[in-house]
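Below, all heavy atoms of this structure are taken into account, side chains as well, without hydrogens, waters or symmetry copies. Just so you know, ligand 1 is whichever comes first in the structure, and atom 1 is the first atom listed for that ligand.
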Amino acid sequence: MLKDVLSTRLAALELEDLYRNLRLVEGRQESKVVIDGREVLMLASNNYLGLANHPLLKKAAQEAIKQFGCGSGSSRLISGTMELHEQLESRIAELKHTEAALVFPTGYHANVGTISSIMTRGDVILSDELNHASIIDGCRLSHANTLVFRHNDMGHLAHLLDSCRGYENRLIVVDSVFSMDGDIAPLDEISTLARQHKAWMMVDEAHATGVFGPNGAGIAEEFNLSSEIEIQMGTLSKALGGSGGYVAGSRELVNWLINRARSFVYSTALPPTVTATAIAAIDIVSNEPKRRQQLRDNADFLAKELTTLGYTLANSRSQILAIIIGATSQTMALAAELFSQGIFAPGIRPPTVPDNTSRIRLTPMASHTPEDMEYTVSAFAEAGKKLGLLS
Ligand SMILES: *Cc1c(COP(=O)(O)O)cnc(C)c1O
């Protein structure tokens, strides 16, 4: 029977410390949450600016329900395009300095649908080895030849571009902020290579939207490259505190996706509540740059203090701090010890990250206080000593 086969497979995962459990978070997504009946500091959420429970987002959702109801009825092409979708898309295009934008049900849908509709058999995709799973799945679905370059290794990317001169269509795709290491792609160098080799460029700004750039548009804005990057993708689900994905770029790009991206065409449109929430979140990102600064201050403080304690951080340059432990069992033991001290920051292990690079992924929020950050450092000091991870 299927359930017996699955039970054997699950037991094998458990033996390798790879079994995953869902943890129930009681109440709201805030900087402190209740898990397993205990109040803990939430240091694992992508709700970076603390907007998931912001009064203006909640108000926008309530008003959207009153005016537009709950469901969107169908796919955008059938009967699902509503006023709020158009409003949100013009706000995104404005924020991203692009001609147009298109929203998808999730960021995952956006990556899978975009890559697989633009690239096809006989084309080539150059993809960073640490790109998000949704990019990898989009590449697989496209049936294009996918060449994976070593993480942020421009020499390797240049070499691969040289090796595929025979292809007519070439796409370079990268995360701008890498989700498990927190480092940043050298978009300026990538864009120079793209120009030299007449390749197209796609950037996934999931962790950068609302966080980086003078207006919170992301790393492309920080590098002043918005007009060079053909496809700018991101999510409404992280710093923007809601749900949904987007692609911003030319009018032709958006029209193509409306016609051909299967995850757009064959999936029901974002509901009014979620759409209205994203508009409210973009307003806050535009009006309150101080939130981005608070987030940066919290991340800088943790990075500095944890390094001083003797922990090894990956090359983290963002609000995502990867504290590399190595062995999965030690990582999970540290996560458990931190939890017992009131810190929720789960261990990340293979297959999400490469073997022997298991880590604690720590993501502070703008809404954490200086006291929260100091407490976090003291908990890491104590847990590290207790487990013999620090000398
Ligand atoms: C989270 C994430 C996605 C997917 O976005 P969802 O809205 O959660 O589906 C895509 N790319 C990256 C880099 C991400 O971190």
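How far CG of Asp372 is from CG of Asn298: 8.0 Å, rounded to the nearest 0.5 Å.
In this structure, Arg23 fails the cation-pi test against Phe344, since its NZ or CZ atom is not both closer than 6.0 Å to the six-membered ring centre and inside 45 degrees of the ring normal. Cation-pi geometry between Arg292 and Tyr48 is not met at under 6.0 angstrom from the ring centre and within 45 degrees of the axis.
In the displayed structure, Arg38 atom CZ is contacted under 6.0 Å by more than 12 heavy atoms of other residues, nucleotides or ligands. Annotation: Asp300, atom CG; neighbour count of heavy atoms from other residues, nucleotides and ligands within 6.0 Å is above 12.
The closest approach between any non-hydrogen atom of Gly245 and ligand 1 is not below 4.0 Å. Between His109 and ligand 1 there is no heavy-atom distance shorter than 4.0 Å.
Using a 4.0 Å cut-off between charged nitrogen and carboxylate oxygen, Glu94 and Arg91 count as a salt-bridge pair.
Near Asp175, meaning under 4.0 Å from any of its heavy atoms, are these atoms of ligand 1: 13 (C). Proximity to Asp204 (heavy-atom distance under 4.0 Å) selects the following atoms of ligand 1: 10 (C), 11 (N), 12 (C), 13 (C). Set against the non-hydrogen atoms of Ser237, the atoms of ligand 1 under 4.0 Å away are 6 (P), 7 (O), 8 (O). For ligand 1 and Asn111, the ligand atoms under 4.0 Å from any heavy atom of the residue are 10 (C), 11 (N). Interface of Ala206 with ligand 1, defined as ligand atoms under 4.0 Å from a residue heavy atom, comprises 2 (C), 11 (N), 12 (C), 13 (C), 14 (C), 15 (O). Taking a cut-off of under 4.0 Å to the non-hydrogen atoms of Ser134, the atoms of ligand 1 that pass are 10 (C), 11 (N). Short contacts between ligand 1 and His207, defined as distances under 4.0 Å to a heavy atom of the residue, involve ligand atoms 14 (C), 15 (O).
Considering backbone and side-chain atoms alike, Thr235 places every N or O at 3.5 Å or more from each N or O of ligand 1.
Of the listed residues (Tyr246, Phe104, Tyr108), the one carrying the non-hydrogen atom nearest atom 9 (O) of ligand 1 is Tyr108.
Nearest protein heavy-atom contact of atom 15 (O) of ligand 1 is Lys238 NZ, 2.5 Å. Among all protein heavy atoms, the one lying closest to atom 6 (P) of ligand 1 is Gly107 N, 3.4 Å.
Shortest non-hydrogen contact noted between Ser72 and Pro272 is N-CD, 4.3 Å.
Remark: the Arg20 side chain and the Thr352 side chain contain an N/O donor-acceptor pair separated by less than 3.5 Å.
A ring pair (Phe, Tyr, Trp, His ring centres under 6.0 Å) with Phe104 is found for one member of Phe264, Tyr266, Tyr246 and no other, namely Phe264.
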